[in-house]
Amino acid sequence: MDVTLSPYQNTSVLETTSFPSSDVKIFQQKSYLLNVRKHRAHASGIRCSIAEHGLHPKPKPKPLKTGGYEVVKKEPDFKGSSSGLCGQIEKLVLCKRYRDALETFEILEIECQYDVIVGKSTYDALVDACISLRSIRGVKRVFSYMVNSGFEPDLYLRNRMLLMHVKCGMMIDARMLFDEMPERNLVSWNTIISGLVDSGDYMDAFRLFLIMWEEQSEASSRTFATMMRASAGLETIFPGQQLHACAIKMDVSQDIFVSCALIDMYSKCGSIEDAQCVFDVMPEKTTVGWNTIIAGYALHGYSEEALDLYYEMQDSGVRMDHFTFSMIVRICTRLASLEHAKQAHAGLVRHGFGLDIVANTALVDFYSKWGRIEDARHVFEKMPLKNVISWNALIAGYGNHGRGIEALELFNRMISERMTPNHVTFLAVLSACSYSGLSDQGWEIFETMGADFKVKPRAMHYACMIELLGREGLLDEAFALIRDAPFKPTVNMWAALLTACRVHKNLELGKFAAEKIYGMEPEKLSNYVVLLNIYNSCGKREEAASVFHTLKKKGLRMLPACTWIDVKKQQHMFISGDKSKPQVQIIRNLKKLMSEIANHGYVPKKNSLLPDVDEREEQMSLYHSEKLAVSYGLINTTNSTPLHLVQSHRICDDCHLAVKLMTKVTGRVIVVRDASRFHRFEDGKCSCGDYW
DNA sequence: CTAGGGTTAG
């Protein structure tokens, strides 16, 4: 069967299902929103209908930040020698030369002590400089100068000082400043609340909001936009709904910022339907609005729909920005869609975002995940600015391609370029060592990362080391690492051990690991299958029957194994065991291929010891979805085209061997993303080093 | 009088 992918189909198995679609819940939310809309229509009848016809007045343009930095008349710097320094600072800030501005301030500070009275407009400029540079040192110096020189700030300047602390993440000082303010206005409240949200203290944000609501009984659209972010952070829909209702009562729900924040809140709290409703009634669909709803669909695993929305956005004539392209590249990464990604890459450059760090990092990730590590490298080297995420993406790319030496070289280059590695960097480096069998280097890094780089090994780093040991067949050592870990072993650690047991055929320890995993994630289908297969392999019929019984009782259903392949910009899905008529040509070609690879040493492998997918029929392996997909891809593309497959399950031993040899006889590159990792097959070899 | 708000990458 060769189906063009229809909406939702590709998401059922592959994507996360963290948002169970409880019909009742959605129904309630929809009716809630319906009421909300009625309420709004009632509250502002005429405006509403104007809005729905797209005639809603545009929001006022933001006033430009230029001007307003004139020297304060009554308080110029009065010691002759330093006069002009303040004016200089203000001018430097206007030219965005923030570092120079702070340096000039330092001169003023050291040479004139507190004799120079710095005016309000200069402080204002210094606040901008500190915020732009995120300079904690700068904040402390500017603030202490103000206090020590006896300058008495007014409410405006106090708010600016508060903002300066908030934006630099100095929330303890900001809280003190806020508490000590002789008077506060709405701006003060909004500023401190947005700081709390930025630092992830969503509950505190709500507490302060409630105090503000009761004490001042006021709030603006800005307050709601910020509070929606707090609700989104809580990932619970109820508070957000309450705020939505308040926003409607205050007649700010149509505000462009509030609308976007609402879309984001609803999608992050699990209701893409409500997010869509808010998007539908947005008076003016801005770039950010589109971006937010696209991000929402992507978050829920509806990658196809997200891509459709992106093309709709394109047609609507709205300007696309670096946010848009970054997201689209990431969506393409999940869809394995080289064509769409290439177009997005072109669009990115055409629209003038070719230097954007986030979008380029997404591209590095895309190219390296889809077997084009040289392209990833090219994008990376052309980036004028790189951050730790960019480095991590490329290092992980080399690791996944089984090119550990290059990954280590990059890591060293990163250190020499004074980029600080983080825990993700070490994950990439350690797994690169593991994939390439660089066990000495891996151990050295694992043992020194805490002391040398202040990154304590976490569970995932342990899992990497367990895999490293597992590859070498050192199962007892791997088990010891789990037992002696300074924290409770995680599922990932046991899973790494289980993989090692599967590859090295250690049933006893494998059974132990599988039981542990089963105990920790009793709702996950694949764990039942693994356990079931292991019991069957051990001949433990009774245990197997009991697992099967529990599975039935919980209503979990075995899903068929699926593979998707991109051919000529279309995605096609194949299901294991499908023998329907349109397959005839695919099967014929497959049989021909199988006999060809037999000449290169192919011997069918028996069912692997612990497959992820239930296999009841012995001779079914010819009909495995990955073989069907490869056969289809080979028939329908030209000789040099690489094939890209995504599949719901871990590739089996037999398919892995078969695909390896197929790349040898056909000269193709075949890239497979399976449930556990990435395989790049070329010339009879696989990047995973035959361990997965 | 000024100031405070929404979306992206490993």
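Predicted, not measured: the structure shown is a model, and the values here were computed from it. A, B, ... follow the sequence lines: proteins, then strands. Residue 1 opens every chain. Any value given below was found using the heavy atoms of this structure, including those in side chains, with hydrogens, waters and symmetry copies removed.
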Nearest-Å distance for atom pair CG/P, residues A:Leu177 and B:dA3: 20 Å
Please list, by residue number, the residues of residues 285-294 of chain A whose heavy atoms come closer than 4.0 Å to an atom of DNA chain B; answer none if no residue qualifies. A:Thr286, A:Val288, A:Asn291, A:Thr292
Which whole-number value in Å describes the distance from A:Leu262 CG to B:dG5 C1'? 12 Å
Over 60° means perpendicular and under 30° means parallel, so tell me whether A:Phe224 and A:Trp213 are parallel, tilted or perpendicular. perpendicular
Whole Å only: how far is the CG atom of A:Asp356 from the P atom of B:dT7? 16 Å
Any donor-acceptor N/O pair under 3.5 Å between B:dA3 base and A:Asp124 side chain: no
Would you say A:Arg330 places a side-chain N or O within less than 4.0 Å of OP1 or OP2 belonging to B:dA9? yes
Holding to ring pair (Phe, Tyr, Trp, His ring centres under 6.0 Å), I want the full list of residues that pass it with A:His345, two or more places apart in sequence or in another chain. A:Tyr367
Rounded to the nearest angstrom, tell me the gap between atom CG in A:Leu394 and atom P in B:dA9. 19 Å
The nucleotide from B:dT7, B:dT2, B:dA9 with an atom nearest the side chain of A:Tyr156 is B:dT2
With sequence neighbours left out, what residues match A:Asp198 under side chain to side chain contact (heavy atoms under 4.5 Å, CB included)? A:Ser194, A:Arg229
Touch class at under 4.0 angstrom, heavy-atom based, for A:Asp264 against every strand present: sugar-phosphate
Among B:dA3, B:dG5, B:dT7, find the nucleotide with the atom closest to the side chain of A:Ala295. B:dT7
Would you check if there is a donor-acceptor pair between the side chains of A:Glu467 and A:Tyr435 at a distance under 3.5 Å? no
Hey, can you pull the donor-acceptor pairs under 3.5 Å for the side chains in residues 310-318 of chain A, sequence neighbours left out?
from     : atom 1 : to       : atom 2 : distance (Å)
A:Ser316 : OG     : A:Met313 : O      : 2.8
A:Ser316 : OG     : A:Val318 : N      : 3.4

A:Glu381: side chain to side chain contact (heavy atoms under 4.5 Å, CB included) partners, not counting sequence neighbours: A:Arg377, A:Arg413
Closest of B:dT8, B:dT2, B:dG10 to the A:Asp154 side chain is B:dT2
Check: A:Phe426 ring centroid to A:Phe446 ring centroid under 6.0 Å: no
Do any pairs count as a ring-ring contact (aromatic ring centres under 6.0 Å, His included) and have a residue in residues 163-184 of chain A, sequence neighbours left out, and if so which ones? A:Phe143-A:His165, A:Phe178-A:Trp189
Salt bridge (charged side-chain N to carboxylate O under 4.0 Å, His left out) partners of residues 389-403 of chain A, not counting sequence neighbours, each pair once: A:Glu374-A:Arg403, A:Arg403-A:Glu406
Nearest whole Å is fine: how far is B:dC1 P from A:Leu155 CG? 12 Å
Contact list please: residues 405-435 of chain A against DNA chain B, heavy atoms, distance less than 4.0 Å, in numerical order. A:Asn422, A:Val424
Using the test ring pair (Phe, Tyr, Trp, His ring centres under 6.0 Å), find all partners of A:Phe678 that sit at least two apart in sequence or belong to another chain. A:His401
So does A:Ser221 reach the base of B:dG5 with its side chain, donor to acceptor, closer than 3.5 Å? yes
d(CE, A:Met327; P, B:dT7) in whole Å: 12 Å
If you only use heavy atoms from C-beta on, which nucleotide in B:dA3, B:dT8, B:dG5 is closest to the side chain of A:Val187? B:dA3
Salt bridge (charged side-chain N to carboxylate O under 4.0 Å, His left out): which pairs involve residues 165-181 of chain A, sequence neighbours left out? none
How close or far is atom C1' of B:dG5 from atom CG of A:Leu163, stated in whole angstroms? 12 Å
Supply the atom-to-atom distance A:Leu126 CG to A:Glu90 CD, rounded to the nearest 0.5 angstrom. 8.5 Å
Could you list the donor-acceptor pairs under 3.5 angstrom formed by side chains in residues 347-359 of chain A, with sequence neighbours left out?
from     : atom 1 : to       : atom 2 : distance (Å)
A:His351 : ND1    : A:Gly347 : O      : 2.8
A:Asp356 : OD2    : A:Val358 : N      : 3.2
A:Asp356 : OD2    : A:Ala359 : N      : 2.8

Out of B:dA3, B:dT8, B:dG10, which nucleotide sits closest to the side chain of A:Asp365? B:dG10
Rounded interatomic separation in angstrom, taking CZ from A:Arg319 and C1' from B:dT8: 14 Å
From the candidates B:dT7, B:dG5, B:dG10, the one with an atom nearest any side-chain atom of A:Lys369 is B:dG10
Within residues 375-392 of chain A, residues whose heavy atoms come under 4.0 Å of DNA chain B: A:Asn387, A:Ile389, A:Asn392
Side chain of A:Ala393 - closest among B:dG10, B:dT8, B:dG5: B:dG10
Among B:dT7, B:dG5, B:dA3, the one nearest any side-chain atom of A:Asn185 is B:dA3
